[in-house]
Amino acid sequence: MSYPLSLPSGNPLLTLTHPTPALWVIELHNGADSRLTDVLLMQGLKPALDAVERHWCENWRAGQAKKDENLCKGALIIVGNRKQDKFFSNGLDWANATKDPSFNTNFFPVVFNPLLHRLLTFPIPTVAAINGHAFAGGMVLAMSCDYRVMTDGSKRNAWLCMNEIHFGATLPLALAAILKAKAPNPQTLRKIVLEGHRFTPQEALSVGLVDRIVSGNTESVLAEAQALAESVSSLPKTGAWGLNRREIYRDVVEGLSRDVQVVGAIADDAAAKARL
């Protein structure tokens with residue numbers, strides 16, 4: 001495997017690098033705000049995750065054969081566009097995505113849910129380097145990782161926010177399941193989903209949504225994420241990391257495979273009118 005790897009090959013929306021023997025870094029750069037389009041997810045993130053897993057598995061098998069634990073180390077970092085400090089990911093490209101008649105029935109079960117499933121069952125630790133705002137799907141992407149390192153917002157504002165409630169979008173089952181699993185308590189879950197609260201880095205740290213906050217620019221956030229990733233990179237050496245995580249999130253993983261029932265505000269009001 002040669003690096004860097006740019007995907008998709010014709011119009012790169014992310015870059016995969018391998019800066020140390022134990023670390024891989026996926027940089028999202030679908031514009032400055034790294035919107036999570038079906039092309040980025042299916043032709044970028046999915047094959048990037050495949051490449052990392054394939055490479056790590058090859059190393060792990062070699063390490064097992066040679067009894068060399070260093071070959072068995074591994075961790076993955078996902079970071080927003082490194083040329084800016086405003087966004088980790090601004091979520092789905094909602095305005096354009098919803099123009100597709102198949103969006104409501106296909107996007108989550110066919111495109112987004114399988115990607116989240118991969119992250120939740122990945123065999124090595126994952127770290128989100130949140131170098132700016134993480135809205136909606138961008139927050140879910142970050143929450144699907146094992147660890148989160150976020151800018152402290154001292155250079156410019158940075159928020160974690162599920163803002164669907166503010167523009168009338170219902171929360172798909174899969175996203176709700178991940179947030180339930182990762183939110184530390186019902187009060188925080190209520191603020192995330194029902195209030196669409198914009199968590200500052202300090203608030204996110206205090207309630208346990210992120211593990212560390214860092215002053216400085218994107219490179220500072222990435223450097224701290226790399227330090228954290230290195231510190232946990234030996235955990236998958238026995239091969240049990242992914243298996244144990246799969247058990248922790250079994251209910252979430254099973255929820256990702258369920259059909260999504262789409263109920264919009266207009267349909268729900270019509271049902272209420274008929275009932276009352």
Side-chain angles (χ1 to χ4, degrees), residues 1-37 39-41 43-52 55 74-93 115 119 122 124-161 200-201 204-205 210-233:
M1 177 71 66
S2 61
Y3 301 95
L5 178 63
S6 297
L7 294 166
S9 57
N11 179 30
L13 302 177
L14 65 76
T15 300
L16 171 63
T17 55
H18 187 36
T20 76
L23 297 187
W24 287 264
V25 177
I26 294 175
E27 178 196 352
L28 309 176
H29 47 76
N30 182 19
D33 63 350
S34 295
R35 293 277 186 172
L36 302 177
T37 63
V39 175
L40 171 60
L41 297 173
Q43 300 178 38
L45 267 172
K46 183 182 181 301
L49 292 174
D50 289 343
V52 173
H55 193 170
L76 169 67
I77 299 166
I78 300 176
V79 64
N81 191 322
R82 292 171 64 175
K83 295 180 180 179
Q84 51 81 58
D85 305 306
K86 185 176 181 180
F87 290 101
F88 170 72
S89 171
N90 206 11
L92 308 184
D93 186 5
L115 188 280
L119 283 173
F122 211 59
I124 59 177
T126 54
V127 181
I130 307 172
N131 56 322
H133 298 309
F135 282 111
M139 179 174 176
V140 172
L141 179 66
M143 297 303 292
S144 297
C145 294
D146 299 302
Y147 303 94
R148 284 160 292 283
V149 176
M150 188 176 185
T151 173
D152 69 355
S154 58
K155 182 177 179 179
R156 64 186 309 160
N157 288 334
W159 296 308
L160 283 179
C161 179
T200 66
L205 180 66
V210 302
D211 300 282
R212 300 180 185 180
I213 58 175
V214 186
S215 62
N217 59 15
T218 289
E219 294 309 306
S220 299
V221 176
L222 182 57
E224 186 68 20
Q226 287 182 297
L228 174 55
E230 286 282 6
S231 73
V232 297
S233 65

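When all heavy atoms of Pro8 and Leu13 are compared, the pair lying nearest together is CD-N, 3.7 Å. The shortest heavy-atom contact between Phe88 and Gly138 is CE2-O, 3.5 Å. Shortest non-hydrogen contact noted between Leu119 and Ile78 is CD2-CD1, 4.1 Å. When every heavy atom of Leu14 is checked against every heavy atom of Ala48, the shortest pair comes out as CD1-CB, 4.0 Å. The two residues Ile130 and Ala142 make their nearest non-hydrogen contact at CD1-CB, 3.9 Å. Considering every non-hydrogen atom in both Thr15 and Ser6, the closest pair reads OG1-OG, 3.9 Å.
Side-chain atoms of Thr218 come within 3.5 Å of backbone atoms of Gln84 as a donor-acceptor pair (strictly under, hydrogens ignored). A side-chain donor-acceptor contact under 3.5 Å links Asn131 to the backbone of Asn81. Listed for the Asp33 side chain is no donor-acceptor partner under 3.5 Å among the backbone atoms of Phe87.
The salt bridge (charged side-chain N to carboxylate O under 4.0 Å, His left out) check on Asp211 picks up nothing, with sequence neighbours excluded. In this structure, the ring pair (Phe, Tyr, Trp, His ring centres under 6.0 Å) partners of His18, at least two apart in sequence or on a different chain, are Tyr3, Trp24, His55. Under the side chain to side chain donor-acceptor pair (under 3.5 Å) criterion, Gln43 pairs with no residue, sequence neighbours left out. Under the side chain to side chain donor-acceptor pair (under 3.5 Å) criterion, Ser154 pairs with Asp152, not counting sequence neighbours. Residues satisfying the salt bridge (charged side-chain N to carboxylate O under 4.0 Å, His left out) test with Glu219, not counting sequence neighbours, are Arg82.
Counting heavy atoms from C-beta on, the side chains of Leu49 and Leu76 come closer than 4.5 Å. Between Val210 and Pro201 the shortest side-chain heavy-atom distance does not fall below 4.5 Å. Proximity of Val221 to Val79: side-chain heavy atoms (C-beta onward) are nowhere separated by under 4.5 Å. Counting heavy atoms from C-beta on, the side chains of Val149 and Val127 come closer than 4.5 Å.
Here the straight-line distance linking atom CG of Leu41 with atom CG of Leu92 works out to 7.5 Å at 0.5 Å rounding. Between Leu23 atom CG and Ser233 atom OG the span is 6.0 Å, to the nearest 0.5 Å. Residue His29 holds its NE2 atom at 8.0 Å from OG of Ser34, rounded to the nearest 0.5 Å. To the nearest 0.5 Å, atoms CD (Gln226) and OG (Ser231) are separated by 12.0 Å. For the atom pair CG (Leu115) and NZ (Lys46), the distance works out to 9.5 Å, reported to the nearest 0.5 Å. Glu224 contributes atom CD, which lies 10.5 Å from atom CG of Leu222 (distance to the nearest 0.5 angstrom).
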| message | Please determine whether side-chain contact (heavy atoms from CB on, under 4.5 Å) holds for the pair Thr17 and Glu27, giving the CA-CA distance in whole Å, both sets of side-chain angles, and the decisive distance to 0.1 Å. | response | CA-CA 8 Å; Thr17 55; Glu27 178 196 352; over 6 Å; no
| task | Check the pair Lys86, Arg156 against side-chain contact (heavy atoms from CB on, under 4.5 Å), reporting the backbone distance first and the verdict last. | result | CA-CA 7 Å; Lys86 185 176 181 180; Arg156 64 186 309 160; 3.6 Å; yes
| task | In sequence, state the C-alpha distance, the side-chain angles, and the governing distance for Thr151 and Asp85, and then conclude on side-chain contact (heavy atoms from CB on, under 4.5 Å). | result | CA-CA 9 Å; Thr151 173; Asp85 305 306; over 6 Å; no
| Would Ile26 and Leu45 satisfy side-chain contact (heavy atoms from CB on, under 4.5 Å), going step by step from the backbone distance to the final call? | CA-CA 8 Å; Ile26 294 175; Leu45 267 172; 4.1 Å; yes
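Under the salt bridge (Lys or Arg N to Asp or Glu O under 4.0 Å) criterion, the residue pairs touching residues 135-149 are Asp146-Arg245, with sequence neighbours excluded.
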